[in-house]
Visitor: 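Sharing a structure with you now.
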Amino acid sequence: MDIYNPKTIESHWRKFWLEKRIYQPDLTKGKKPFGKTQGKPYYNLMMFPYPSAEGLHVGNMYAFTGADVHGRFKRMQGFDVFQPIGLDGFGIHSENYAIKVGRHPKEHAKISEKHFYEQLHMIGNGFAWDQKLETYDPDYYRWTQWLFVQMYKHGLAYRKKAMVNWCPSCKTVLSDEQVEGGVCERCKTPTTRKETEQWFFKITAYADQLLNNIPKLNWPKKITIAQQNWIGKTKGLNISFKIEGSDAKIVVWTKFWETVFGVTFLVVAPEHQIVASLLSSKSKTQSPKLEEIRNYVGKALKKTEQKRKAGEKDKTGVFTGIYAINPVNGQKIPVWISDYVLTDVGTGAVMGVPSHDLRDFDFAKKYDLEIKQVVAYSDQDIDVKVKNGQMAYEGEGVLVNSGEFKGLSAWGVGKQKMADWMIKKKSAKWKTTYHLRDWLISRQRYWGPPIPMIFCEKCGWQPVPEDQLPVLLPDIKDFQPKGDGKSPLQRAPKEWLETVCPKCGGKAKRETDVSDTFLDSAWYFLKYPSIGLNSKLETRNSKQFSKSKLVNSKHFGFRNSDLELPWNPEITRRWLPVNAYIGGAEHAVLHLLYARFVWMCFKDWGYLSSIESDEPFPFLFSHGLIIKDGAKMSKSRGNVVNPDEYISRYGADALRMYLMFLGSYDQGGDFRNTGMAGMYRFLERVWRMFQKQVQSSKKNTEQYNNRLNVILHKTIKKVTEDVAKFKYNTAIAALMEFMNAYEEKTPDGKEKTLSTDDAGKLIKLMAPFTPYLAEEIWHNLYPDSLESIHTSLWPEYDPKMLEGEQVEIPVQINGKTRAVISVNPPVAKSQPEMVKIVMEDQRTLQYLRTKKIVKIIFVANKIINLIVS
RNA sequence: GCCAGGGUGGUGAAAUCGGUAAACACGCAGGUCUCAAAAACCUGUGAGUCUCAAAGCUCUUGCGGGUUCGAUUCCCGCCCCUGGCACCA
């Protein structure tokens, strides 16, 4: 008997699959060689990996394996599964690593690309290798640049001088999404603020659509909630406060306008324009007061975001000397400056309501400002304290000290009426705000696609004409960021930097910033299906899009017939949207939001007019995190698991199977070495079973045990249902249970066997998890077959086989289980028959003998419960 | 602070439109085989209690209440862990 040798098996079938191209659907024709789903395309996509220097991490492998199991399952159900892979290799992360090891990013990319693809070949995934792509490939980033140009032409890319997040370590600006709790998402360095001019994409123009489409998405709740919170749409009022002795006013945004009678001061951000005009005002002589303000503002502006947040408990501020008038009651209230007010939230000015806002309360206490209750609470204890200015309370109550609104509910009628009243007397306006900001695209780094823009002294900014793309990233030796905020590309050769203006033909200069990595990954799924097609298919679309609504096309003077797309419309129509998108929850807001935004733009520009879906990923599955010995894997902890070692020791199949077994796929789980070894032993058992099976079925294909056959059909049912729901761990448990039943000898001491057909069904159930082993066994069972198990049809169970099964019914007396009786299905549905059996059963009889049955609770097929007194 | 997910044996975990808690596996213990060991196989394995033994009984899903014939599952109030958001006005 041969022993299980994963190494030889795996390398053999890997070659076979590549030669037979079994994972390579015909993207153009979509002809269907098998199955009843009749060539239905199924785009199964795992989230784009960036090739880290250490290579494939067991976390990546966990993600990919789960996605691959899904793809293989769908393929065996007859779908034409397209499962591409590529590398998100541009970006700060790769560049920083290259710098660390003293290599040029381009050179480093080649090395890690090779390593990564080798590993991806090993893990046994059914990738369509013809369609691989790398974001740093000029054939790819040509189109990333094209996307930028389209954004510009449609008025969605613009330059803005703004306070932006700056990472002192990465030496570049970051988008809001890339700053997590005041630190850089990549390197965890605290970010600072910096005022510069940058390119932005107007994602806020799509805020409502991004929000409104969320209910249509079949996504995990936690992801949709995260997106909802990130977009952060809130309805509020802009309330105007006149400044005493001036025509100027301060506008305050609030969602708690019902407390406006309780406003006793205003606070503005140090960046607020009223502060600027105060400081620059020539009419007032330099007073000590003004000097104090200048000092405070100066200091505040230098503080980093983090430091400003760190000062949370100890709020500081300075009085401006200005007074404002509360529009609802004419009260004169002081205007203060404090750095706890952020310039880019609301209007950069807040109304101080110390009795009903905790922060305002702290501030008022510190600077001895008036505290005035305007909401009364039913809880006397709280109410008295609020009245006496001893605490602030933010709950629902009844309005007091609020003129004609006295006695109305603060969050109900009172709130509504007060809004109407203020709007009517023109002191307030409805204003909906969003947390979402425009997407900052520019990066002052080297390793990315150069932003395809040209600056001409005469004509201003001009996009690089599409037929001149790509703007190749020049090879420069001195690519490192210097920390002066200037882009490395400013050190590019003159021939690159200097160009001609596409409009006037005069001298012009290229933009030297590169674009954000998230732009590369915001559209890659659209490119995959169209990769590698001949130039005929890579069409110049003449008529197809002539009707499309191109917002600014006239203005930019290009004709629709000149349009060329990065994808083939016919193929894209067939394959998009992505049927299943599988990845980690860490991209909840960043990548997923950007990709949705870009998709919506393409739709609006008419480039995806043949596709109905409003969303690129109607179905998303987010898998859990894999941890090691109870802790997140990290280099500093030294508990990072490298899949290579395990693959060479136990084979990819055992690792795949173990990863899928160690916990539920949506929750993640704990990786333990002992568990890994146990799974290898299981595969050896499977191997031996089929060795025996092959020999016995040669002798007699009909010899099988009927009872075992029933269990087989139960197993098919269970595995099919669980795999469909991504419940891989319990599907594997069911396979193990079958093995246990198989190995158990019959009462007369005989070994069990299956018919060859049934053995084939069983191994098919394992094929998604252990593709190599399954293929080997399949060909042992059917030595003449030229077909792969992975393109065979998924087995179906026979419901009739399960019909005659005995049902186990627990018998409870007063809610306590006293016996379990095994009955035939019709009996399990009949109360009288069940009662009769219970009354005769020795085990239950002892509880019933002296008692009277008061009530019988009977649930067919489930339980019988006798209540006795 | 807010939002989401979670807390079950020695360990990873199953089971939640309320119905036998601990499937499956790891580990451990004992055994078979062996000169011995490994591998493989068999048996046992939530805790307590009673018993020579068998059978049984009691308790047990983070804590405290509640609803119910019956609660890991539903409701109320807490505690802890993980992830996301946050001086958001």
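Proteins get letters first, then strands, A, B, ... in listed order; numbering begins at 1 in each.
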Visitor: Please classify the nucleic acid contact of A:Ile857 as base, sugar-phosphate, or nothing, using heavy-atom distances under 4.0 Å.
Guide: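 Base contact.
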Visitor: Mind checking A:Phe682 for me? I need base, sugar-phosphate or nothing, with any heavy atom below 4.0 Å counting as a touch.
Guide: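 A:Phe682: no heavy atom of the nucleic acid under 4.0 Å.
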Visitor: Taking the side chain of A:Arg685 as its heavy atoms from C-beta onward, which of B:C41, B:U58, B:A13 lies nearest to it?
Guide: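 The answer is B:C41.
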Visitor: Between A:Gln373 and A:Ser355, is there a side-chain donor-acceptor contact under 3.5 Å, judged purely by atom types and distance?
Guide: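 No donor-acceptor contact under 3.5 Å links the two side chains.
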Visitor: Just call it for A:Glu737: base, sugar-phosphate, or nothing, with non-hydrogen atoms closer than 4.0 Å on any strand.
Guide: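 The answer is sugar-phosphate, as A:Glu737 gets under 4.0 Å only of primed atoms, P, OP1 or OP2.
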Visitor: Using OP1 and OP2 only, check whether a side-chain N or O of A:Asn729 sits under 4.0 Å from B:A14.
Guide: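 True: A:Asn729 side-chain N/O within range (under 4.0 Å) of B:A14 OP1/OP2.
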Visitor: Could you tell me whether A:Asn740 contacts a base, only the sugar-phosphate backbone, or nothing, with contacts defined as non-hydrogen atoms closer than 4.0 Å?
Guide: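 Contact class for A:Asn740: sugar-phosphate only.
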Visitor: Using modelled atom types and a 3.5 Å cut-off, is there a donor and acceptor pairing between side-chain atoms of A:Ser338 and backbone atoms of A:Thr316?
Guide: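 At least one qualifying donor-acceptor pair exists.
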Visitor: Just to be sure I understand the rule, does A:Lys727 reach a base, reach only the sugar-phosphate, or reach nothing, if contact means heavy atoms closer than 4.0 Å?
Guide: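 Sugar-phosphate: the residue A:Lys727, judged by heavy atoms under 4.0 Å, touches backbone atoms but no base.
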Visitor: Anything under 30° is parallel, anything over 60° is perpendicular, the rest tilted; go ahead and classify A:Phe518 against A:His587.
Guide: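 Perpendicular: the ring planes of A:Phe518 and A:His587 meet at over 60°.
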Visitor: Counting only side-chain heavy atoms from C-beta out, which of B:U58, B:A40, B:C87 sits nearest to A:Arg359?
Guide: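 Minimum distance to the A:Arg359 side chain belongs to B:C87.
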Visitor: Side chain of A:Lys221 only, please: which of B:A14, B:G12, B:A4 is the nearest?
Guide: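 Looking only at side-chain atoms, A:Lys221 lies closest to B:A4.
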Visitor: Which nucleotide, if any, forms a Watson-Crick or G-U wobble pair with B:A47, using both distances under 3.5 Å?
Guide: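 For B:A47, the partner nucleotide comes out as B:U58, under the 3.5 Å rule.
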Visitor: How long is the line joining OH of A:Tyr680 and C1' of B:A25, in whole Å?
Guide: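 Value for this atom pair: 18 Å.
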Visitor: What integer number of Å spans the P atoms of B:A15 and B:G66?
Guide: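 Their P atoms lie roughly 30 Å apart.
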Visitor: Which nucleotide, B:A14, B:U11, B:G19, lies nearest any side-chain atom of A:Thr730?
Guide: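 Comparing B:A14, B:U11, B:G19 against the side chain of A:Thr730, the answer is B:A14.
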Visitor: Give me the distance, rounded to whole Å, that separates B:U51 from B:U16 when you measure between the P atoms they each carry.
Guide: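 These two P atoms come out 40 Å apart once rounded.
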Visitor: Within this structure, what is the CD1-to-P distance between A:Ile627 and B:G7, rounded to whole angstrom?
Guide: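 To the nearest whole Å, that distance equals 13 Å.
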Visitor: Please determine, for the side chain of A:Ala226, which listed nucleotide (B:A21, B:G84, B:A13) has the closest atom?
Guide: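 Looking only at side-chain atoms, A:Ala226 lies closest to B:G84.
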Visitor: Using Watson-Crick or G-U wobble geometry with both distances under 3.5 Å, which nucleotide pairs with B:U72?
Guide: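 Answer to the pairing question: none, since B:U72 forms no Watson-Crick or G-U pair.
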Visitor: Within this structure, what is the CE-to-P distance between A:Met657 and B:C24, rounded to whole angstrom?
Guide: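 To the nearest whole Å, that distance equals 15 Å.
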Visitor: Assign A:Gln667 to base, sugar-phosphate, or nothing according to its heavy-atom contacts below 4.0 angstrom with the strands shown.
Guide: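 Sugar-phosphate contact only - A:Gln667 comes under 4.0 Å of backbone atoms but never of a base.
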Visitor: May I have the distance from A:Asp666 (atom CG) to B:G83 (atom P), rounded to whole angstrom?
Guide: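 Rounding to the nearest Å, CG of A:Asp666 and P of B:G83 are 17 Å apart.
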Visitor: Whole angstrom is fine here: how far is it from CD1 in A:Ile813 over to C1' in B:G19?
Guide: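 Rounding to the nearest Å, CD1 of A:Ile813 and C1' of B:G19 are 15 Å apart.
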Visitor: What distance, rounded to whole Å, do you find between the two C1' atoms, one in B:G48 and one in B:U60?
Guide: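 Nearest-Å result for B:G48 against B:U60 at atom C1': 10 Å.
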Visitor: Within the pair A:Arg818 and B:C57, is there a side-chain N or O less than 4.0 Å away from OP1 or OP2?
Guide: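 A:Arg818 to B:C57 OP1/OP2: side-chain N or O found under 4.0 Å.
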Visitor: May I ask you to evaluate whether A:Arg681 reaches the phosphate of B:C26, defined as a side-chain N or O under 4.0 Å from OP1 or OP2?
Guide: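 True: A:Arg681 side-chain N/O within range (under 4.0 Å) of B:C26 OP1/OP2.
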Visitor: Can you work out whether A:Lys718 or A:Thr254 has the more 5'-proximal nearest nucleotide on RNA chain B?
Guide: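 Upstream on the strand: A:Lys718.
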Visitor: For A:Val345 and A:Val589, find the nucleotide of RNA chain B closest to each by heavy atoms; which residue's nucleotide sits nearer the 5' end?
Guide: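 Mapping each residue to its closest nucleotide by heavy atoms, the 5'-most match is A:Val589.
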Visitor: Are a donor atom and an acceptor atom from the side chains of A:Tyr393 and A:Asp357 found within less than 3.5 Å of each other?
Guide: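 Side chains of A:Tyr393 and A:Asp357: no pair found under 3.5 Å.
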Visitor: Both distances below 3.5 Å, Watson-Crick or wobble geometry, any strand: find the nucleotide opposite B:U32.
Guide: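 Pair assignment: B:U32 / B:A40.
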Visitor: Please determine, for the side chain of A:Ile867, which listed nucleotide (B:U20, B:C41, B:C69) has the closest atom?
Guide: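 Selected nucleotide (nearest to the side chain): B:C69.
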Visitor: Among the nucleotides B:G19, B:G27, B:U58, which one has an atom lying closest to any side-chain atom of A:Thr674?
Guide: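 For A:Thr674, the side-chain atoms sit closest to B:G27.
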Visitor: Pick one: which of A:Tyr658, A:Tyr665, A:Phe661 meets ring-ring contact (aromatic ring centres under 6.0 Å, His included) with A:Tyr62?
Guide: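 Of A:Tyr658, A:Tyr665, A:Phe661, ring-ring contact (aromatic ring centres under 6.0 Å, His included) with A:Tyr62 is met by A:Tyr665 alone.
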Visitor: For nucleotides B:U8 and B:C81, find the distance between their P atoms and express it as a whole number of Å.
Guide: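 Going atom to atom, P in each nucleotide, I get 14 Å.
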Visitor: B:A23 P sits how many Å from A:Ile732 CD1, rounded?
Guide: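 Atom CD1 in A:Ile732 sits about 18 Å away from atom P in B:A23.
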Visitor: Provide the distance between the two C1' atoms, one in B:U43 and one in B:A36, to the nearest whole Å.
Guide: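 B:U43 and B:A36 have their C1' atoms separated by 23 Å.
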Visitor: By the 4.0 Å heavy-atom rule, please label A:Asp357 as base, sugar-phosphate, or nothing.
Guide: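 No contact.
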Visitor: Considering every strand shown, what is the Watson-Crick or G-U wobble mate of B:U67 when both distances are under 3.5 Å?
Guide: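 With both distances under 3.5 Å required, B:U67 matches none.
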Visitor: Run through A:Phe690, A:Tyr680, A:Phe682 and flag the one making a ring-ring contact (aromatic ring centres under 6.0 Å, His included) with A:Tyr4.
Guide: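 Answer to the ring-ring contact (aromatic ring centres under 6.0 Å, His included) test with A:Tyr4 among A:Phe690, A:Tyr680, A:Phe682: A:Tyr680.
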Visitor: Which part of the nucleic acid does A:Ser664 contact within heavy-atom distance under 4.0 Å: base, sugar-phosphate only, or nothing?
Guide: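 Contact class for A:Ser664: sugar-phosphate only.
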Visitor: For B:G70, does OP1 or OP2 lie under 4.0 Å from any side-chain N or O of A:Lys855?
Guide: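 So the side-chain polar atoms of A:Lys855 never come under 4.0 Å of the phosphate oxygens OP1 or OP2 of B:G70.
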Visitor: Please state the C1' separation for the pair B:A22 and B:A37 - nearest whole angstrom.
Guide: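 My reading of the C1' atoms in B:A22 and B:A37 gives 35 Å.
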Visitor: Starting the side chain at C-beta, find the nucleotide from B:G12, B:A21, B:G5 nearest to A:Arg672.
Guide: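 Looking only at heavy atoms from C-beta outward on A:Arg672, the closest nucleotide is B:G12.
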Visitor: Return the nearest nucleotide to the side chain of A:Pro810; candidates are B:U20, B:A86, B:G84.
Guide: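 My answer, after comparing the listed nucleotides, is B:U20.
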Visitor: Any donor and acceptor pair, going by atom type alone, linking the side chain of A:Thr347 with main-chain N or O of A:Val251 inside 3.5 Å?
Guide: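 Side chain of A:Thr347 to backbone of A:Val251: a pair is present.
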Visitor: Between the side chain of A:Thr264 and the main-chain N/O of A:Glu370, is any donor-acceptor distance below 3.5 Å?
Guide: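 Flag set: sc A:Thr264 to bb A:Glu370 pair under 3.5 Å.
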Visitor: Expressed in angstrom and rounded to an integer, what is the separation of A:Met736 atom CE from B:A14 atom C1'?
Guide: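 Roughly 13 Å, once rounded to whole Å.
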Visitor: Can you check the A:Lys725 NZ to B:A15 P distance for me, whole Å?
Guide: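 To the nearest whole Å, that distance equals 9 Å.
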Visitor: Is it the case that the side chain of A:Thr715 and the backbone of A:Phe738 share a donor-acceptor pair, with hydrogens and angles ignored and the cut-off at 3.5 Å?
Guide: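 No.
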Visitor: Give me syn or anti for B:G9, where syn covers glycosidic angles within 90 degrees of 0.
Guide: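 Syn, which is what one calls it when the glycosidic angle falls within 90° of 0.
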Visitor: Does A:Gln812 get its side chain close enough to the base of B:G19, under 3.5 Å, for a donor-acceptor pair?
Guide: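 Looking at the base of B:G19, it does pair with a donor or acceptor on the side chain of A:Gln812 (distance under 3.5 Å).
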Visitor: Tell me which nucleotide, if any, is Watson-Crick or G-U wobble paired with B:C17 when both distances must be under 3.5 Å.
Guide: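 Pair assignment: B:C17 / none.
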Visitor: Salt bridge between A:Asp362 and A:Lys366, side-chain N to carboxylate O under 4.0 Å?
Guide: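 Salt bridge absent between A:Asp362 and A:Lys366.
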Visitor: Write down the distance separating the C1' atoms in B:A38 and B:A47, rounded off to the nearest Å.
Guide: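 Between the two C1' atoms, the distance is 35 Å.
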Visitor: B:C85 pairs with which nucleotide, Watson-Crick or G-U wobble, both distances below 3.5 Å?
Guide: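 The base-pairing partner of B:C85, which may sit in any strand shown, is B:G1.
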Visitor: Using the P atoms only, state how far B:C33 lies from B:C26, rounded to an integer number of Å.
Guide: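 The answer is 24 Å between these two P atoms.
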